[in-house]
Structures are given as structure tokens and as C-alpha cells.
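Everything on this sheet refers to the single structure shown next.
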Amino acid sequence: MSVKSFKDFPGLKDENIPELESIGIKTVEEFSAALKDEGKLKEIIKALSGVGPKTAMKWKALVEGDAEEPKKEAKKESKKDAKKAEDKVEVIEEPKAYVPSIKAKISDETASGLAKRAIINGRRPTFRRQEWFRYSKLGEAWRRPRGIHSKMRRHLKRRTHMVDIGYRGPAAVRGLHPSGFEEVMVYNVDGLTNVDPNVQAVRIGGTVGTKKRLDIQAKADELGIRVLNRMV
């Protein structure tokens, strides 16, 4: 609170202003200086009617508080500036080096087979069981129709596609991962011993915990074996 006039002093009445002039105090600055002096403070208490020591001490604390406020504001501003400076400091993290995945060493025939399989997979229809759309309890999983009057079994028009051997992919790449690796399930570090890193890749079992999974990944990196379901 900044003191600019006599009205800013709580408890100081208009009747007290002439009393202050009688003891030689005419301005707010003189009154503030007198409050800081103990001798003049006692004179003020005696001269002013209706003013006791408690009120005078409040005025003194008010005047001393105004002197301390600029220091506090300066400290606050300095703290704010320091915080702003800290906020402006950006921590630049170095990007991690890109490590390409291990590639399978496959023949040209296998590579062409994988390409053909991708094309066949793209145009293969979705196989759903008979009347999957009529009863929700049946679900969409494929079941071969067996009814003697089944129109789907007899391949009549406007019926859904049935599973047929002609929809299969090339036999040479059947069961291979899209990357060309042969998948090997692993549940512990010992399962990596007989893995050929050139043509085989490992897939860690879903029941393996995080600690053992990290151990398997570290060992696979040492041996140069690709892990298909690596933890991020």
C-alpha cells in the first residue's frame, strides 16, 4: 500500500490534521519521517486526540512496509526473470542414430514368390460363413456349408465366396514372414542358440516378462538375430 495522503492512514481523522500542524507536521513526508523517530512518535500520540499507541504503531508499520515493497518487487521481478531465462533454455536432445533392420538373405526365387504372394493376398476375398449377416450369433468366422439344400455349397449365383485351393499363395514362400525370414518362437535366451540369423528371425512369446524379454533382445543383438516383436 502506497501512502500518498493523510487519508491513507487508517484511523486518522480530519480533526487530527490541525493537531499535526500544531507540532510542525504539515506534509505526508514529514509525518512519515516523524513516525520512524521514536521521540516524535510519542509527541504525535500525545498531540492527536483519539489516537493510541496501537494506531501509531500501525502507521509506522505501514510507512516501513512502503519502504520494503520496492525491494520485494525487485526480488520478485528478478525471480521472474530467472524463471523466464530457465524456461527459455531449451534442452536439445540428440536424435538417435537410425539402425536399419537386419535383412534376410534370400534367393531371387524367394523374393519373386513373396512379391506374388503380396499380390494374391491383396485380391483374395474375405471368407465368411453362410448367413453371417442374418444371425449375429454366428459371427464372421469361416465355416464350410454342409446342408444338402445349401445354395452356397452348390455355388449358385449371388452367393459369397467359398474357400478354395486356388486362393493359396506360392508354396515356396508359404509360412514365411513378409521380410523373408522364417519365424522361430523363443521363450528364453537359450532358444537363440540354434537360430540361423541369415534366414531365421525370432518372435518372443507373449507369456515372457519384460525383464527376460530385454535379456533376449540384448542377446539377439549380440548374435545379429532380428527380433520381429521388439519392445519399443
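The first residue of the sequence shown is numbered 1, and numbering continues consecutively from there.
A distance of 12.0 Å separates CG in Asp221 from CD1 in Ile216, rounded to the nearest 0.5 Å. Remark: Thr193 OG1 to Lys219 NZ distance equals 9.5 Å, nearest 0.5 Å. Atom CZ of Arg124 is separated from atom CD1 of Ile119 by 12.5 Å, given to the nearest 0.5 angstrom. Rounded to the nearest 0.5 Å, atoms CE (Met231) and OG1 (Thr210) are 4.5 Å apart. Atoms CE and CD, on Met162 and Gln130 in that order, are 9.0 Å from each other to the nearest 0.5 Å. Annotation: the span from Leu228 atom CG to His177 atom NE2 amounts to 4.5 Å, rounded to 0.5 Å.
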Quiz item: Given the rule in the side-chain contact (heavy atoms from CB on, under 4.5 Å) test, do Thr160 and Arg128 qualify, once you have shown the distances and angles that lead to the verdict?
Solution: CA-CA 8 Å; Thr160 58; Arg128 297 186 178 93; 5.8 Å; no
Exercise. Evaluate side-chain contact (heavy atoms from CB on, under 4.5 Å) for Val184 paired with Ile225, printing each intermediate quantity in order.
Key: CA-CA 11 Å; Val184 178; Ile225 299 172; over 6 Å; no
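Residue Asn194 qualifies as open at atom CG: its count of foreign heavy atoms under 6.0 Å is 12 or below. In this structure, Glu109 places its CD atom where only 12 or fewer heavy-atom neighbours from other residues, nucleotides or ligands lie under 6.0 Å away.
Between the side chain of Arg153 and the backbone N or O of Ile148, at least one donor-acceptor pair lies under 3.5 Å. Side-chain atoms of Arg117 never come within 3.5 Å of backbone atoms of Ala171 as a donor-acceptor pair (strictly under, hydrogens ignored). Side-chain atoms of Asn188 come within 3.5 Å of backbone N or O of Gly191 as a donor-acceptor pair. Distance alone, capped at 3.5 Å, is enough to place a donor-acceptor pair between the Arg159 side chain and the Lys157 backbone. The closest donor-acceptor contact from the side chain of Arg203 to the backbone of Ala201 lies at 3.5 Å or more, if one exists at all.
In terms of heavy-atom proximity, Ala104 sits nearest to Ser179 at CB-O, 3.8 Å. Between Ile120 and Pro170, the shortest heavy-atom distance links the atoms CD1-CD, 4.1 Å. Closest heavy-atom contact between Ser101 and Arg226: CB-CZ, 4.0 Å.
Connection of Val227 to Phe181 is not established within any shared hydrophobic cluster, with ILVMFWY side chains joined at heavy-atom distances below 4.5 Å, either directly or through further cluster members. A single hydrophobic cluster is seen to contain both Val163 and Met152, as judged by linkage of ILVMFWY side chains at heavy-atom distances under 4.5 Å, directly or through other members. Note: the hydrophobic cluster containing Ile204 also contains Met185 (ILVMFWY, side chain heavy atoms under 4.5 Å, direct or indirect links). Cluster membership for Leu223 and Tyr187, using ILVMFWY side-chain heavy atoms within less than 4.5 angstrom, is shared. Val189 and Val202 fall within the same hydrophobic cluster, defined by Ile, Leu, Val, Met, Phe, Trp and Tyr side-chain heavy atoms under 4.5 Å apart, directly or through other members.
By the 4.5 Å heavy-atom criterion applied to side chains, Thr110 and Leu176 are counted as neighbours. At least one side-chain heavy atom of Arg213 sits under 4.5 Å from a side-chain heavy atom of Asn229. The shortest distance between side-chain heavy atoms of Arg168 and Arg174 falls below 4.5 Å.
Contact check on Lys105 versus Asp196 returns no salt bridge, with no Lys/Arg side-chain nitrogen under 4.0 Å from an Asp/Glu carboxylate oxygen.
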